[in-house]
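As structure tokens, the structure follows; a few thoughts come after it.
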Amino acid sequence: MHDIRWIKENQAAFDRAMERRGAEMRSASLVALDEERAATVKAMNDAQAEQKQVSKKIGMAKGKGDEAAAQAALEEVGALKARVKELEERERELAAQLREELLPIPNIMDDDVPEGADEADNKELKSWGTPREIEAARDHVDLGESLRMMDFEAAAKISGSRFVVLKKDLAKLERALATFMLNLHTEEFGYEEVLPPVLTNPESLVGTGQLPKFGEDLFEASDWLLRSAHVAEQTVLKALTAAIKQKDLLTFQAIVDNSNITEDDTKVVDEIYERVTQGGKFTEEDAGKLLEYEFDSEKAFANIFMSEVQFAKSRAKAVSKYREIAPEKWTERTNHFYLTPTAEVTLTNLVRESILSEEELPKRMTAWTQCFRAEAGSAGRDTRGMIRMHQFSKVELVSITTPEKSDEEHERMTGCAEEVLKRLDLPYRTMLLCTGDTGFGAARTYDIEVHLPGQGQYREISSCSNTRAFQARRMNARFRREGEKKPQFVHTLNGSGLAVGRTMVAVLENYQQPDGSIAVPDVLKPLMGKDVIERG
RNA sequence: GGAGGAGUGGCUGAGUGGUCGAAAGCGGCGGUCUUGAAAACCGUUGAGCGUUUGCGCGUUCCGGGGGUUCGAAUCCCUCCUCCUCCGCCA
């Protein structure tokens with residue numbers, strides 16, 4: 001998220017940055033919105049100051065027993081109160097609207113990020129190792145299946161496409177690779193190992209930028225709809241009880257009559273809402289009040305009615321009705337989870353809404369986690385093999401730094417990821433992504449691509465990004481400098497170190513032997529307990 | 001899942017309608033004293049927003065949101081989190 005004050009002071013630069021992104025947003029409308037907000041805040045503050053002043057007078061007058069003075073002040077405060085409330089509401093609306101407009105805006109990229117449309121325009125920064133010349137090189141699918149240790153059919157049976165089942169030494173190889181990477185990052189590079197939850201809430205995903213714009217890429221795991229529907233039913237119940245209490249027999253009778261309709265339960269719930277919230281005596285305002293009613297002796301009767309609608313097949317309409325009637329009671333958070341697409345989300349959000357001390361920085365964290373991606377929109381791409389899975393494991397690196405250290409940290413982090421490949425003796429090259437290929441939240445991204453003899457090309461195995469303060473502002477993650485009063489935003493960086501599944505692909509294809517067995521890379525031998533993976 | 005309890009400043013903890021952003025203690029910072037340190041004593045010590053060249057001033061924030069009231073940390077509603085007991089469970 002961008003700093004609106006920065007946008008205001010650098011409109012031309014902001015607009016130019018958006019153009020490079022191919023985004024439509026321009027500064028003018030944002031600045032206008034913020035100016036209106038600031039004016040509203042000022043008016044609100046002034047009104048509040050006045051109201052507070054007068055209220056204090058009342059307190060003092062009452063303390064002295066001067067009823068007449070108290071009464072006079074009391075009358076004075078009435079108009080002020082209404083004005084404050086109105087301005088408060090307006091301010092809240094404007095602030096929310098501003099945030100809503102800022103959240104989908106991508107980060108500003110560094111000036112030296114090369115112009116380009118897609119990965120073909122990425123710039124190679126360096127390469128390491130020489131791609132192996134392997135005669136009649138086989139790809140990892142061929143190798144893995146021949147070993148009888150990689151089973152896509154079994155995965156399709158128990159889950160679906162874009163999943164894989166690994167067995168025996170390949171299952172173990174996944175574990176060995178992850179262990180090797182974690183050991184390297186924790187023991188030699190100073191990263192702290194973390195084992196975070198896999199399900200995350202929407203706030204976290206907003207913090208790192210997956211939401212609100214890229215929900216399609218995520219798997220959801222939530223019962224929010226069901227839970228909310230349950231609450232909606234409770235509302236219906238209370239409305240019915242209210243009808244009873246107010247002796248509104250017409251409405252009540254109508255509700256009961258309709259309870260006989262069982263084929264289309266949605267319709268029943270719907271109609272009840274129509275009646276209770278709009279029909280006859282019940283206004284929208286009344287509906288809000290109904291929520292406060294308690295029922296007692298009528299409960300049993302109401303329950304009989306409810307038993308007929310509680311199996312409503314589609315509850316979406318009830319939910320939306322409920323949302324209209326009682327928005328303040330609606331919470332998106334109710335058991336609303338996402339399967340985490342990358343540990344960048346969990347690790348980075350550990351510092352959300354916190355103020356760190358300067359000595360704690362840089363804060364370096366690493367985690368081996370399962371990652372889940374819907375891969376919506378990539379139908380047909382990389383359908384063969386383990387390159388693009390709905391579920392894969394990754395060792396992630398996250399650094400939290402001061403603003404002046406983030407560039408240096410970015411290079412360091414990329415070096416940590418490269419070191420994994422060096423020690424596995426896998427040839428790679430490092431790319432600076434072009435404007436068209438750089439992700440939403442990144443100011444600058446390095447991709448590391450490993451050479452795959454089976455495909456005869458380099459493929460992405462790591463992506464290291466500096467988001468600068470972009471995520472920190474979304475998350476309100478700050479630090480305080482020694483001796484300074486005002487906290488400021490940290491910089492956040494993330495990188496894969498590495499994608500474990502793709503590393504396995506690289507190992508298989510690079511270490512394959514003519515007989516179809518796989519030589520175990522030296523650094524993995526202690527972890528694998530053998531020198532060769534072969535069909536057993 | 002059922003029953004009950006609790007959320008106050010970096011920490012502990014007082015405050016149950018009125019000059020309360022909030023007692024007290026601890027911790028932190030500054031000072032006095034001391035050759036130095038400790039102890040003692042004195043002072044100081046949250047965040048956001050707005051405004052100001054700056055000192056400052058205004059306002060909001062006592063888990064989140066909403067409400068009652070001229071006025072809310074305090075009363076009401078709701079959500080979240082944590083704790084205890086029972087049940088279930090890897």
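Just so we're on the same page: letters track the sequence lines, and every chain starts at 1.
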Report summary line: Any stem touching RNA chain B, meaning at least three consecutive Watson-Crick or G-U pairs under 3.5 Å, ordered by first number, would be B:1-7 with B:80-86, B:10-12 with B:24-26, B:27-32 with B:40-45, B:46-51 with B:56-61, B:63-67 with B:75-79
**Report entry** Pairs meeting criterion salt bridge (Lys or Arg N to Asp or Glu O under 4.0 Å) with involvement of residues 353-371 of chain A, two or more places apart
**Finding:** A:E358-A:R481, A:R364-A:E409
Query raised in the report: Salt bridge or not for A:E408 and A:K405, using N-O below 4.0 Å?
Result: no
Query raised in the report: Quick one: A:D46 CG to B:U51 P, roughly how many Å, whole number?
Result: 11 Å
Report summary line: Between A:E88 and A:A38, whichever has its closest RNA chain B nucleotide further toward 5' is A:A38
Query raised in the report: So, A:D169 and A:K172, do they make that salt bridge, N to O below 4.0 Å?
Result: no
Query raised in the report: Of A:D34 and A:R480, whose closest RNA chain B nucleotide lies nearer the 5' terminus?
Result: A:R480
Query raised in the report: Over how many whole Å does the gap from A:K42 atom NZ to B:U60 atom P extend?
Result: 15 Å
Query raised in the report: Would one find more than 12 heavy atoms of other residues, nucleotides or ligands at under 6.0 Å from atom CD of A:E100?
Result: no
Requested in this report: Not counting sequence neighbours, which residues clear side-chain contact (heavy atoms from CB on, under 4.5 Å) with A:A96? List them please.
Outcome: none
Query raised in the report: When the ring planes of A:F163 and A:H390 are compared, do they come out parallel, tilted or perpendicular, using 30° and 60° as the limits?
Result: tilted
Report task. Measure the distance from CD on A:E203 to P on B:C79 and round it to the nearest whole Å. Result -> 17 Å
